[in-house]
Protein chains: 2
Amino acid sequence: MVSISTKGIYGVAAMHALYKSPNAKLMQIKEIAAMTQISHGYLEQILSSLKKSSLVISIRGVNGGYKLARDAQEILVLDIVEALEGKLFVPSENVGASVVLDSFWADMQEQARKVFSIKLCDLDKAYQTFFYEI
Amino acid sequence: MVSISTKGIYGVAAMHALYKSPNAKLMQIKEIAAMTQISHGYLEQILSSLKKSSLVISIRGVNGGYKLARDAQEILVLDIVEALEGKLFVPSENVGASVVLDSFWADMQEQARKVFSIKLCDLDKAYQTFFYEI
DNA sequence: TAATACCTTAGTGAATTACTATGTTCACTT
DNA sequence: AAGTGAACATAGTAATTCACTAAGGTATTA
């Protein structure tokens, strides 16, 4: 189907929730799950992956939770999605040893990854732009 | 993995082969398969899909084969890939009823599809550019 | 009518997706 | 010191997709 899967979409939604947390306050999985409607157990795994990629920081125990590992200006949607789904748009293998097509697909990948290189802090801005155009 | 699958890559390779056929001469499946290293049976299915999407024309019987249904200038890589893999980059469902993220993903889809809106006849040109830059 | 090409459908093993289930570890509170 | 509640870790599972193969059907030409 060639699409970002729910895992990536959930990941961006969770990161966006953390970004929107007032005063960068810790958020617990159950809070994020309630906000985003993501299943608690699945969200646990997703946040675990995001932690492994150093995108979030966690604190354990009672009153624990998650927060962004760094400023939202330093986090790209591409980082989030690739942390969860691997590098984007890598053509499986090269076909027929065609140099033309090989470099074509490499170029497509580069351009497509550029599209997703939008900062986490600019997500709302993107929406505003969209909104004002109506 | 979020990538064009081999089906789409094979489809583009096959279409490129048809585009490169001298004088737009009919090409048989076995010729294309030999050129591209795609399995004969699988390529049959792929060309069948491309025909259903009116991207190629076929002639049956002895000396039959395939050719492009229209000028390569009127065929986008996006057309080929979407004929084989469905519409690109549709986020499965909207998550958490977030209007911000919904319109963000819609915008991502639009931009990503634009990246693949390159004409079949410009595939080689893309490579030339890449080549000259070295 | 035989040969040869396209056309169609069914099946299959491997991998991926989107979870659920179960338990462990850690830290704070009482 | 014990209990509670949070993150952490691993295993399992049903459904779907992927990348084909197999087997035959149908149209056209020699």
Side-chain angles (χ1 to χ4, degrees), chain A residues 1-14 18 25-34 36-67 69 81 84-88 90-96, chain B residues 1-11 13-14 18 25-34 36-67 69 81 84-88 90-93 95-96:
Chain A
M1 222 189 305
V2 197
S3 176
I4 310 284
S5 72
T6 61
K7 197 189 261 184
I9 295 175
Y10 287 173
V12 173
L18 290 177
K25 199 169 70 71
L26 283 185
M27 284 186 79
Q28 299 187 341
I29 292 178
K30 64 179 177 186
E31 289 181 78
I32 304 174
T36 57
Q37 314 281 17
I38 304 167
S39 107
H40 188 280
Y42 199 28
L43 186 55
E44 259 180 325
Q45 289 176 20
I46 290 169
L47 285 166
S48 168
S49 296
L50 294 175
K51 190 193 174 180
K52 209 171 283 175
S53 298
S54 304
L55 290 170
V56 298
I57 285 170
S58 69
I59 292 178
R60 297 175 72 155
V62 180
N63 301 332
Y66 287 91
K67 60 172 186 164
V81 175
L84 296 167
E85 316 210 20
K87 196 162 181 178
L88 255 51
V90 190
S92 332
E93 309 130 45
N94 26 357
V95 166
Chain B
M1 224 187 305
V2 195
S3 176
I4 309 285
S5 73
T6 61
K7 197 188 261 185
I9 295 176
Y10 287 173
L18 291 177
K25 198 170 69 72
L26 282 185
M27 285 185 79
Q28 296 186 346
I29 291 177
K30 62 180 177 188
E31 288 181 80
I32 305 174
T36 57
Q37 316 280 19
I38 303 169
S39 108
H40 187 280
Y42 200 26
L43 186 55
E44 261 180 324
Q45 290 175 19
I46 290 168
L47 285 165
S48 169
S49 295
L50 293 175
K51 190 191 174 182
K52 209 170 284 177
S53 299
S54 303
L55 291 170
V56 297
I57 284 168
S58 69
I59 292 176
R60 298 173 74 154
V62 180
N63 302 334
Y66 287 92
K67 60 172 185 164
V81 175
L84 296 167
E85 316 208 22
K87 195 161 184 179
L88 255 49
V90 190
S92 332
E93 309 132 44
V95 166

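Each chain gets a letter, A, B and so on, in the order the sequences are listed, and its residues count up from 1. When reading the values below, keep in mind they use all heavy atoms of this one structure, side chains included, and skip hydrogens, waters and symmetry mates.
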G65(A) or E85(B), whichever maps to the more 5' nucleotide of DNA chain D
G65(A)

Supply the atom-to-atom distance S49(A) OG to L55(A) CG, rounded to the nearest 0.5 angstrom.
10.0 Å

Taking the side chain of Q28(B) as heavy atoms from C-beta outward, which of dC7(C), dA5(C), dC19(C) is closest to it?
dA5(C)

Worked verdict on I38(B) versus I32(B) for side-chain contact (heavy atoms from CB on, under 4.5 Å)
CA-CA 8 Å; I38(B) 303 169; I32(B) 305 174; 5.5 Å; no

Starting at atom CD1 of I29(A), determine the distance to atom C1' of dG5(D), rounded to an integer number of angstrom.
12 Å

Give a yes/no answer on whether the side chain of S39(B) brings an N or O atom under 4.0 Å of OP1 or OP2 in dA19(D).
no

So which nucleotide from dC6(C), dT29(C), dA18(C) ends up closest to the side chain of N63(A)?
dT29(C)

Nearest 0.5 Å, what's the CD1-OG1 distance between I46(B) and T36(B)?
8.5 Å

Is a donor-acceptor contact shorter than 3.5 angstrom present between the side chain of R60(B) and the base of dT28(D)?
no

Can you find a side chain N or O atom of Y10(A) that sits less than 4.0 Å from OP1 or OP2 on dC19(C)?
yes

5' priority, DNA chain C, between K30(B) and I59(A) [closest heavy atom]
K30(B)

Strictly below 4.0 Å, heavy-atom distances to any atom of DNA chain D: list the hits from residues 41-57 of chain B, or just say none.
G41(B), Y42(B), Q45(B)

Nearest to the side chain of S58(B), heavy atoms from C-beta on, is which of dC19(C), dC7(C), dA19(D)?
dC7(C)

Considering only side-chain heavy atoms of V62(A), which listed nucleotide, dC6(C), dT20(C), dG5(D), is closest?
dG5(D)

Y66(B) vs dC7(C): side-chain N/O to OP1/OP2 distance below 4.0 Å:
yes

